[in-house]
Amino acid sequence: MNYWLLKSEPDVWSLDQQMHSGIKGSMWDGVRNYQAANNLRKMKKGDMCFFYHSNIGKEIVGIVKVIKEAYPDPTDKSKKFVAIQVRFDRKLEYPVTLESIKKTKELKDLPLIKQSRLSVMPIDTKHWKIILNMSRIVK
DNA sequence: GCCAACGTTGGC
DNA sequence: GCCAACGTTGGC
């Protein structure tokens, strides 16, 4: 299984909205960047993704699961980009903020920090575990 | 609100 | 194919 991070502005699409989309999940569409789209194409059913709120909050707030692999994004007229389907898995006990990620030296090389504009990125198992542990600790 | 970083577009 | 101009994202 692979791990990923998906970024969304919470006033456009938030984890709460994802939660209310229920068991059938929802489409993760609108990606218009080749690098991000290539990451979407690599996702397999069952992969887990951190859900990060950009701009407002700037923190990882939960986890969603990939339930359908890449297919043509119906919102993309050019037919170049893909969407996936994800389902709410859970909220983190404590959100992991960008600030605390920056302060953690093992996470210095996360694309979240180095490539702040990338909206879909891979996370190694090692880093996934570190972030999960951070989400169990009150800051 | 500003601006750095980065991606895309279009003229040449 | 290069690069200037422009647009977008996202942190601060």
Side-chain angles (χ1 to χ4, degrees):
Chain A
M1 196 205 314
N2 288 305
Y3 298 106
W4 308 91
L5 183 145
L6 295 172
K7 207 185 267 190
S8 179
E9 296 181 49
D11 51 357
V12 177
W13 183 250
S14 69
L15 185 68
D16 278 342
Q17 285 171 284
Q18 185 70 61
M19 186 168 64
H20 291 117
S21 68
I23 193 84
K24 291 196 168 170
S26 64
M27 199 166 56
W28 196 276
D29 61 5
V31 171
R32 295 291 182 273
N33 167 283
Y34 288 107
Q35 204 183 340
N38 283 334
N39 289 332
L40 285 182
R41 279 183 242 268
K42 290 180 204 155
M43 290 186 182
K44 297 293 176 200
K45 208 169 168 176
D47 282 0
M48 304 299 270
C49 313
F50 282 132
F51 195 115
Y52 176 81
H53 281 171
S54 62
N55 293 315
I56 302 163
K58 283 168 279 180
E59 56 195 10
I60 298 171
V61 288
I63 296 174
V64 296
K65 187 181 212 162
V66 177
I67 57 173
K68 188 178 174 189
E69 294 173 16
Y71 54 92
D73 183 342
T75 70
D76 171 34
K77 278 186 243 146
S78 73
K79 309 280 180 213
K80 286 186 286 196
F81 296 100
V82 293
I84 56 163
Q85 193 90 6
V86 293
R87 179 204 292 158
F88 175 80
D89 186 69
R90 61 195 162 98
K91 278 192 183 182
L92 297 184
E93 289 171 65
Y94 302 100
V96 177
T97 63
L98 180 63
E99 193 190 0
S100 58
I101 288 168
K102 282 185 168 174
K103 282 182 189 157
T104 306
K105 69 169 185 300
E106 298 94 320
L107 301 175
K108 268 217 173 81
D109 295 327
L110 272 202
L112 187 65
I113 298 167
K114 303 189 102 179
Q115 261 178 287
S116 65
R117 290 182 50 188
L118 186 61
S119 64
V120 181
M121 66 189 76
I123 303 285
D124 333 322
T125 306
K126 191 177 73 183
H127 294 152
W128 178 271
K129 286 179 179 162
I130 292 169
I131 295 168
L132 269 190
N133 285 334
M134 289 166 74
S135 77
R136 298 190 182 105
I137 300 162
V138 197
K139 284 175 292 296

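Chain naming here is simple, since letters A, B, ... match the order of the sequence lines and numbering starts at 1 in each. For the numbers below, each heavy atom of this structure counts, side chains included, while hydrogens, waters and symmetry mates do not.
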Query - Nearest-0.5 Å distance that lies between atom CD1 in Ile101(A) and atom CD1 in Ile131(A) - result: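 Ile101(A) CD1 to Ile131(A) CD1: 5.0 Å, rounded to 0.5 Å.
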
**Report entry** Separation between OG of Ser26(A) and CE of Met19(A), rounded to the nearest 0.5 Å
**Finding:**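 One finds 12.5 Å between OG of Ser26(A) and CE of Met19(A).
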
Query raised in the report: Which heavy-atom pair separates Gln18(A) from Phe88(A) by the least distance, and what is that distance?
Result: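 Scanning both residues completely, I find the closest heavy atoms to be O-CB, 3.8 Å.
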
Query raised in the report: Under the salt bridge (charged side-chain N to carboxylate O under 4.0 Å, His left out) rule, what pairs show up with a residue in residues 109-119 of chain A, not counting sequence neighbours?
Result: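 Qualifying pairs, neighbours excluded: Asp109(A)-Lys114(A).
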
Requested in this report: Could you tell me from which nucleotide to which nucleotide of DNA chain C, 5' to 3', there is an atom under 4.0 Å from chain A heavy atoms?
Outcome: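 Nucleotide range with atoms under 4.0 Å of chain A: dG7(C) to dC12(C).
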
Pair up each side-chain donor or acceptor in residues 47-62 of chain A with any protein partner under 3.5 Å, not counting sequence neighbours, and list the distances.
unit_1   : atom_1 : unit_2   : atom_2 : d
Asp47(A) : OD1    : Asn2(A)  : N      : 3.0
Asp47(A) : OD2    : Trp4(A)  : NE1    : 3.0
Asp47(A) : OD2    : Lys44(A) : N      : 3.0
His53(A) : NE2    : Leu15(A) : N      : 3.1
Asn55(A) : ND2    : Glu9(A)  : OE1    : 3.2

